[in-house]
Amino acid sequence: MAFEFELPDVGEGVAEGELVEWHVAVGDHVAEDEVLADVETDKSIVDLPSPVTGTIAELHAEVGDVVPVGDVVVTIDTDAEVNGDADETTVDAETEREGEDAGGEDSGETPASGGRVFAPPHVRRLARELGVDVTSVAGSGPGGRVTEQDVRAAASTGGSDDDDVASAVSKVDESDSPESVASTASDDTEPKAAVSKVSDDGDATEPESAVSNVSDDSKRSAVRKASDTGEQRPAAADREKTLAVPATRKLAEEEGVEMDAVPTEKTQDGHAFVEPEDIRTYAEAQQATQQQEATAVSETATAGEATTEAVTGEAAVADGEVTREPYSGIRRSIGQHMEESVYTAPHATHHDTAVIDELVATRAELKPRAQQRGVSLTYLPFVMKAVVAALKEFPVLNTTLDEDNEEVVYRHFYNIGVATATEAGLMVPVVDAVDGKSLVEIAAETADLTERARERDLAREEMQGGTFSITNFGAIGGEYATPIINYPETAILGLGSIEQRPVVSDGEVVAAHTLPLSLSIDHRVIDGAEAAGFVNTVIEYLENPTLLLLE
Amino acid sequence: MVVGDVTTGTELLVIGGGPGGYVAAIRGAQLDLDVTLVEKDAYGGTCLNHGCIPSKALVSATDVAHAAGSAEHMGVHADPAIDMQGMVSWKDKLVRTLTKGVEHLCSDAGVNLIEGRAEFAGHDTARVVHDGEGEGSESISFEHAIIATGSRPIEIPGFEFDGERILSSRQVLSLESAPDSMLVVGGGYIGMELATVFQKVGTDVTVLEQLPDALPTYEDDVTEVVRDRAEELGVDFHFGHRATGWEEDGDGLLVTTESDDGEETFAAEKCLVAVGRRPVTETLNLDETDIETTENGFIGTDSKARTDIEHIFAVGDVAGEPMLAHKAFKEGEVAAEVVADEPAALDYQAMPAAVFTDPEIGSVGMTEAEAEDAGFTPAVGQMPLRASGRALTVDDTDGFVRVVADAESGFVLGGQIVGPDASEMVAELALAIEMGATLEDVAATVHIHPTLSEAVHEAVKGAAGRSIHY
């Protein structure tokens, strides 16, 4: 069987990758997980492991080609026999953890048999929406037709190979970190206890009304949704069929209300008949319940540590439904860290722009040289060098505030943290002693750290000891932002996207490569003037890259 | 920027107002996108102005005349006179109604309509060139673009369209009078439809086809029904003939062909060249983008109708075969939805197609052979129309309905219909395929008696091994 390997999303939000090297040739036999190629993204170079065992039938890209994510890079004739189930599961878990899976975004359209998918159009659309590969879903309908329920079930069990947001939740659960194992386990048991608790609280505070039974039901369904995303919501009224005029149906859609769930005593031709006022009453009741629930949940959260993990979570309202994801593990520690930083250090952000045509040229010139040494040279090492130079001039940005002793601690070493978005959340690996390293050394070390951050393969120490941090949000897009300081550091520099933008030169508007800079400072320690001076120095170095030779 | 060159911005630029383009524009506007549609000629594109609609108008008009004049066995005696000018002006009128309709649909939806030819001036800018000197141009910067420039008839070397003797399918639809005789080079669906139309208005039609049979994409038993009927009407077929050149011959022309039997000459008043269509991309200045065309000149797209450039889409004929208006509709809709971040994709399981010959052909999904190739064990049911009560009453019993299903699961995989209103009947099978319906599902659905669609029902039952009426 020919397996078409599409370029997976090798980093967060990376749209394409440059093929740097093939490790295989047509006719080679490859084992599962054997590295097929190196692909460079704007952030790092990553290995492409083979998802299957087989023989290379065709390479679809040449070295130097920029391949969009989702394009077929290689066709592999897989070995005929199908591996045991256990084997396959392991592989799935592994590839998913690495954020590298075979199915690209469009794999929902990959033909199953003879190009046919036996699922009605609305089910196929739902599959795309939930990030489920419809061809991998076993159908329970007549003849094996895939139904809406099948797709929802697949979405909730994470049975899909797709790399979409919807399945990200289950993906984290499947990974082997202790936190998520705990939360997976609790999915089965604890939430139910928590649910009844929430409901009780809700009931106690609920005003008496005709719709109280409705809200009770809907609440249960909403909460149950939290414990079991994807399962169809048991509705307040749970009819199979509801009659209503089209205008009423439209209203239901607008209100995000499921027709069959709306309570009514009216009937027509023996079927429940719903009118607009029923929809409104029900929608209002639902909203009220949701609010109460939110309150109840936060109360429960503070009440007992044991249930916190099970019931807290961000309530995202989509299509009138609420889904809940655990605020736990890495997500929670990032959140706590942010909270601590923002509430402790009064932030001020200084914005400026460097015009970096020269740096663009310099980097283009050095890139092939670096390549020869097996290193992909991005702009980041230059910025890191410039930052170190500026830190030397403005040491107050390389400090930490020792509140207990009421002292500002100046660090005479330069360990630069590089904020890296990973599937599990934000990580800040630290490149130590940047001042003593060459551009190529910095580039290699940064690439290694950020890649391992994405693979969640970093040792704890590798994220500690930073004195100043850089966040490259521009890689994803955007000019300016307000970076949050990596507390207890006192400053962080955010990089916007490097693009050609209009600048004024000699009284004329011309296009030039510019790099927007956003520096956030801990205003307790650093003054605005120092911040501006620091940024000016960084700009000076970036605009005149030869100055970096002095460093 | 050149002084006087006005730049406007738009979220979605649609280039071309044919079936792919106008649907994309309307859908985009419905989804609250700021949409600009640029059309250089006439809204509705080839389909509405020079293709599907005008040709079907003439097919219907000539059918009326032909049916009325050949119904003596039904007790109807008539000798209809055909006023070609009247027929063409009726056709023109309904084309006008429809193009106006499309224009209104677009403007009512809030689409910004611009007349002119759009070409790329970069990855996110297009220039619109207006007709006429001094009209100047304007620049439009866009966030997304949908290319819907369509296709035009292929010219074969030596047979350049002159509108006098050598006609394109577009020109032949506007003839003011029926020629006495006409050669049709190409026996594909366009050639066959127009051959039938002109034979019915009294033109002596000869079809010259290079391949050994007409309608080469269809199975032999399907083609046979249509070819036999055309021959009955008086169309002369010469297969294996390649047209190599022509010369003037009085008011008409002499066309030379080559075949295994050597050279031959055919005389006629006009010659229609209908050997296919090719995509229009040369007006787009694609060099300004990184979009490259395929070997056949098409713009390659993915399952979301995206080109190699993430924010530029291509739909309709320019995006590849099959060149069908309804494929363009679907692609236009999907492209606009993808732009608006909807979870849309081109995930249709089958693309139905119809040929408006006499009788019609309607097909969807897999043939028996294709099903086998795809690894299915096909269960096939076939219902000849001579066994259909309704076909007898409409006096049109040539043809059949064939249904192909997977024997194991019962899923409907495809269907081939040749007969009256085959283009309508095929819709039921298309729905069955998209829904993943089984033979049992369709067999259990009550069909109206007496209708032609009962033949579909019966063929489905046949495939399930339990037909009643045949």
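Lettering of chains follows the sequences in order, A, B, ..., and the numbering in each one begins at 1.
Taking all atoms of both residues into account, the shortest heavy-atom contact from P343(B) to R128(A) is O-NE, 2.6 Å. Counting all heavy atoms, side chain and backbone alike, S409(B) lies closest to G143(A) at CB-O, 3.5 Å.
Residue E292(B) places its CD atom among 12 or fewer non-hydrogen atoms of other residues, nucleotides or ligands, all under 6.0 Å distant. Enclosure of atom CD in E499(A) by more than 12 non-hydrogen atoms of other residues, nucleotides or ligands within 6.0 angstrom is indicated.
Counting only heavy atoms from C-beta outward, the side chains of F411(B) and R145(A) approach each other to under 4.5 Å. Looking at heavy atoms from C-beta onward, F118(A) lies in side-chain contact with L413(B) at the 4.5 angstrom threshold. Looking only at side-chain heavy atoms (C-beta outward), D406(B) and R116(A) stay at 4.5 Å or farther from each other.
Residue-level contacts of residues 330-338 of chain B with chain A, in order of numbering, are E337(B); threshold 4.5 Å between heavy atoms. Residues from residues 423-444 of chain B that place a non-hydrogen atom less than 4.5 Å from a non-hydrogen atom of chain A comprise I433(B), E434(B), M435(B), G436(B), A437(B), T438(B), D441(B), given in numerical order. Applying a 4.5 Å heavy-atom cutoff, none of the residues of residues 312-328 of chain B approach chain A.
Heavy atoms closer than 4.5 Å to chain B are found in both the backbone and the side chain of P121(A).
Listed by chain and number, the residues in a side-chain hydrogen bond (donor to acceptor under 3.5 Å, both in side chains) with T147(A) are D150(A) (sequence neighbours excluded).
In this structure, the side chain of R124(A) engages the main chain of D347(B) through a donor-acceptor pair within 3.5 Å.
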